[in-house]
Enquirer: 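Pasting a structure below so you can have a look.
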Amino acid sequence: MNLENQQRVYTVQHEYDVIIVGGGGSGLAAAARALEFGARVLVLEKQPQLGGTTGMAIGSFTGNGTSMQRAAGINDNPDDHETDAGLFAAPEIEAHNHSDLRRFFLGETAETLEWLRGMGLHFHGPNPEPPNRVPRMHNIVPNAKAYIAAFQAQILKQKGTIVCDAPVVELIREAGRVTGVVAEIQGERQTIRAQRGVVLAAGDYANAPEIIGRFKGDRFRSIEGVNPKACGDGHLLAEQTGAQLLNMDITYGPELRFVPPPGDPFEQLLPTSGLLAQLMGRLVPYLPQFLINWRIKRLLLTWQHPENSLFDDGAILINSAGRRFCNETVSPEREIAISEQTDKAAYILLDERIAGHYSQWPHFISTAPKIAYAYVEDYLKLRPDVSAAANSLEVLAAQRQLNPTHLQETVAQFNVYASGQQADPFGRTGDSKPLAGNRWVLLGPAKAYFTTTEGGVAINQGLQALDESGDPIPGLYAIGCNGLGGQVLWGHGLHIAWALTSGRLVGEALGKSINQ
């Protein structure tokens with residue numbers, strides 16, 4: 001049964017046990033778990049389809065003490081994981097982490113993974129990701145869309161109600177307790193009550209310039225989010241209800257990423273559901289590694305960012321007019337400058353030397369650590385929409401409709417600086433090799449993006465939202481990116497692990513409360 005049919009079968013009632021605001025990974029996990037305990041559950045999703053940022057990801061789940069680790073002979077525990085998790089972010093960022101809450105979360109990851117596998121989801125791994133001391137990254141087959149498909153199937157099977165195109169515009173609070181929501185459904189505002197609780201699971205604010213500007217600074221307002229629909233709705237609803245927000249100035253990024261390919265940018269590795277998905281999931285451990293890596297490399301070229309070392313080795317950025325516009329080696333000023341260009345986009349120019357350098361290990365354009373590495377030829381073969389090569393600047397410019405005269409002048413000006421004749425007009429230093437040769441490569445367009453945001457509602461280990469005094473707001477819960485609670489979750493797979501774990505935990509708590 002698809003979502004459209006599901007919406008026709010179920011009529012929105014005036015009251016449920018649990019109302020979940022958001023149909024991404026955390027919200028759907030909460031709904032699926034609460035339904036297992038017999039709760040009446042309503043999921044309200046603002047967009048026309050489910051998935052959120054979770055549904056856009058490759059889908060790594062990073063956890064410890066899992067059965068898959070044990071099967072691989074790996075001994076692991078939450079305390080070691082908490083220590084290692086603190087090594088990903090810079091010390092000044094990590095200093096803001098709520099370590100007790102993160103340690104609590106990491107202690108629940110193994111149970112969450114087993115719950116997911118019990119739904120028929122399949123993972124390969126665990127895979128290493130330094131500075132994790134042991135492999136902890138469990139990669140879902142094929143990607144995070146499989147989570148969404150599995151949760152939706154469970155929710156429909158258990159008679160939960162999902163309504164898309166249904167933004168929540170207000171939380172109802174009576175006598176100090178959140179008792180329901182006001183949602184716009186089919187063009188009309190409806191008041192819906194929640195007997196046990198309202199769960200905020202509406203994603204991050206990576207594409208909310210007002211929130212970004214308010215907490216991080218006006219100069220970052222022009223930078224987009226990887227998920228264009230991540231507008232911070234849940235954060236604003238929580239704040240309007242008196243909830244405390246933490247770490248709102250901490251973001252992953254801005255960083256440079258190539259624009260997604262035409263059509264669905266998040267290509268499937270394998271089918272997400274059905275018998276074929278189950279069969280392929282069981283076969284993955286027996287497939288040749290080169291085949292798995294080839295498919296993951298396709299995903300890698302969609303999702304990952306170009307390495308900063310490209311610019312350290314002499315590559316330059318140009319805009320759509322064929323001109324340089326910034327010091328390519330300084331971030332985040334580089335990303336801010338890109339966001340101020342026409343179409344908020346830029347191109348990376350490589351000469352023959354640099355292109356050859358980034359054609360073999362250990363010099364890669366982008367990487368999914370320890371899984372796949374992408375080089376110049378991979379981009380030219382698999383992403384022709386963001387890569388071009390030619391034997392002259394003039395021909396290269398024509399391939400991307402750039403001004404050839406401007407491009408040639410730009411290279412000549414850079415070479416005057418690189419040869420030591422004058423200072424770089426944008427303050428770049430350290431280059432000593434002019435751009436030259438009979439082969440030129442242009443990568444892009446690329447844009448500056450926020451990948452995730454670390455700010456969220458203050459919560460306790462019961463996932464209850466806390467007010468400015470640190471007291472729970474009765475009836476209000478926050479999970480996923482809405483309820484990060486001060487945690488810093490940098491590194492692959494921690495955000496998804498938190499989304500699904502916090503969803504499982506709040507669904508279980510609210511479901512069990514019905515029988516108490």
Side-chain angles (χ1 to χ4, degrees), residues 3 6-7 10 12-47 49-55 147-148 150-172 178-185 190-204 229-230 233-238 241 243 456-457 459 462-465 473 475-484 498-514:
L3 182 57
Q6 186 270 338
Q7 287 176 302
Y10 294 104
V12 176
Q13 305 296 322
H14 295 295
E15 183 179 285
Y16 292 83
D17 295 315
V18 180
I19 297 175
I20 297 169
V21 182
S26 64
L28 295 179
R33 188 60 171 159
L35 285 161
E36 291 177 12
F37 291 89
R40 297 170 300 149
V41 178
L42 171 65
V43 177
L44 297 170
E45 167 56 46
K46 177 181 178 180
Q47 302 302 328
Q49 68 285 319
L50 300 174
T53 301
T54 297
Y147 296 126
I148 306 306
F151 290 143
Q152 181 181 348
Q154 287 290 108
I155 293 166
L156 299 183
K157 180 180 178 181
Q158 298 295 329
K159 307 301 183 185
T161 303
I162 301 172
V163 183
C164 289
D165 284 316
V168 171
V169 297
E170 183 183 345
L171 299 180
I172 301 169
V178 173
T179 58
V181 304
V182 177
E184 292 183 354
I185 301 175
Q190 296 189 30
T191 298
I192 311 168
R193 303 284 176 174
Q195 280 290 310
R196 298 294 173 176
V198 172
V199 180
L200 296 176
D204 65 38
K229 299 166 185 175
D233 299 313
H235 295 77
L236 295 176
L237 287 169
T241 314
V457 177
I459 59 170
L463 291 307
Q464 294 175 289
I473 300 174
L476 185 62
Y477 300 80
I479 59 176
C481 284
N482 279 172
L484 279 163
W498 167 248
L500 306 187
T501 297
S502 59
R504 174 183 69 83
L505 291 172
V506 79
E508 183 172 319
L510 290 172
K512 286 181 176 179
S513 72
I514 295 171

Enquirer: If you look at every heavy atom in Val457 and Ala243, which pair is closest and at what distance?
Expert: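 Shortest heavy-atom separation between Val457 and Ala243 comes out as CG1-CB, 3.9 Å.
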Enquirer: Between atom CG of Leu28 and atom CD of Gln152, what is the distance when rounded to the nearest 0.5 Å?
Expert: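 Spacing of CG (Leu28) from CD (Gln152) equals 7.5 Å.
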Enquirer: Hey, are the side chains of Ile155 and Ile162 touching, using non-hydrogen atoms and a 4.5 Å cut-off?
Expert: yes
Enquirer: Who pairs with Ala183 by side-chain contact (heavy atoms from CB on, under 4.5 Å), at least two apart in sequence or on another chain?
Expert: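 In terms of side-chain contact (heavy atoms from CB on, under 4.5 Å), with neighbours along the sequence ignored, Ala183 is linked to Leu44, Val168, Ile185.
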Enquirer: Please step through side chain to side chain contact (heavy atoms under 4.5 Å, CB included) for the pair Ile172 and Val181, ending with a clear verdict.
Expert: CA-CA 5 Å; Ile172 301 169; Val181 304; 5.8 Å; no
Enquirer: Taking all atoms of both residues into account, what is the closest heavy-atom pair of Val41 and Ala34, and its distance?
Expert: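 In terms of heavy atoms, the two residues are closest at CG2-CB, 3.8 Å.
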Enquirer: Which residues pass the side-chain contact (heavy atoms from CB on, under 4.5 Å) test with Val169, sequence neighbours left out?
Expert: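 Result, side-chain contact (heavy atoms from CB on, under 4.5 Å) vs Val169: Val182, Glu184, Arg189.
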Enquirer: Nearest 0.5 Å please: distance from the OG1 atom of Thr161 over to the CD atom of Gln13.
Expert: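 These two atoms lie 7.0 Å from each other.
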Enquirer: Measuring from Phe37:CZ to Leu510:CG, what's the distance to the nearest 0.5 Å?
Expert: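 Rounded to the nearest 0.5 Å, the CZ-CG separation comes to 11.0 Å.
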Enquirer: With Ala499, which residues qualify under side-chain contact (heavy atoms from CB on, under 4.5 Å), at least two apart?
Expert: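 If we apply the side-chain contact (heavy atoms from CB on, under 4.5 Å) test to Ala499, skipping adjacent residues, the hits are Ser26.
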Enquirer: With sequence neighbours left out, what residues match Asn482 under side chain to side chain donor-acceptor pair (under 3.5 Å)?
Expert: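 Checked Asn482 against side chain to side chain donor-acceptor pair (under 3.5 Å); matches are His235.
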Enquirer: Please, which pairs that meet salt bridge (charged side-chain N to carboxylate O under 4.0 Å, His left out) have at least one residue in residues 13-31, sequence neighbours excluded?
Expert: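 Qualifying pairs: Glu15-Arg40, Asp17-Arg40.
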Enquirer: Under the side chain to side chain donor-acceptor pair (under 3.5 Å) rule, collect the residues that match up with Thr179, sequence neighbours excluded.
Expert: Glu174, Arg193
Enquirer: In Å, rounded to the nearest 0.5 Å, how long is the span from OG1 of Thr241 to CG of Leu200?
Expert: 7.5 Å
Enquirer: For residues Ile20 and Leu42, determine if any side-chain heavy atom of one lies less than 4.5 Å from a side-chain heavy atom of the other.
Expert: no
Enquirer: Enter the distance from Lys46:NZ to Lys229:NZ here, rounded to the nearest 0.5 Å.
Expert: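 If I round to the nearest 0.5 Å, the distance is 10.5 Å.
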Enquirer: Testing the basics here: between Cys481 and Gly203, what is the closest heavy-atom pair and its distance to 0.1 Å?
Expert: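 That closest heavy-atom pairing would be CB-C, 3.7 Å.
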Enquirer: For Arg504 and Ala29, which heavy atoms make the closest approach, and how far apart are they?
Expert: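 For Arg504 and Ala29, the tightest heavy-atom pair comes out as N-CB, 4.2 Å.
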Enquirer: Please report the closest heavy-atom contact between Cys164 and Leu50, naming both atoms and the distance.
Expert: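 Heavy atoms only, the tightest pair is SG-CD2, 3.9 Å.
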Enquirer: Quick check: closest heavy atoms across Arg196 and Val18, and the distance to 0.1 Å?
Expert: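 That closest heavy-atom pairing would be CB-CG2, 4.4 Å.
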Enquirer: Between Val198 and Tyr477, does the side chain to side chain contact (heavy atoms under 4.5 Å, CB included) criterion hold? Intermediate values first, please.
Expert: CA-CA 6 Å; Val198 172; Tyr477 300 80; over 6 Å; no
Enquirer: For Lys512, give me all partners under side chain to side chain donor-acceptor pair (under 3.5 Å), at least two apart in sequence or on another chain.
Expert: Glu508
Enquirer: By ring pair (Phe, Tyr, Trp, His ring centres under 6.0 Å), which residues pair with Phe151, not counting sequence neighbours?
Expert: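 Result, ring pair (Phe, Tyr, Trp, His ring centres under 6.0 Å) vs Phe151: Trp115.
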Enquirer: State the CG-OG distance between Leu484 and Ser502, to the nearest 0.5 angstrom.
Expert: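 Output value for this atom pair is 8.0 Å.
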Enquirer: Keeping Glu45 on the side-chain end and Gln47 on the backbone end, is there a donor-acceptor pair under 3.5 Å?
Expert: yes
Enquirer: Could you work out, with side chain to side chain donor-acceptor pair (under 3.5 Å) as the rule, every residue matching Gln464, not counting sequence neighbours?
Expert: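 Side chain to side chain donor-acceptor pair (under 3.5 Å) check on Gln464 returns Asn460.
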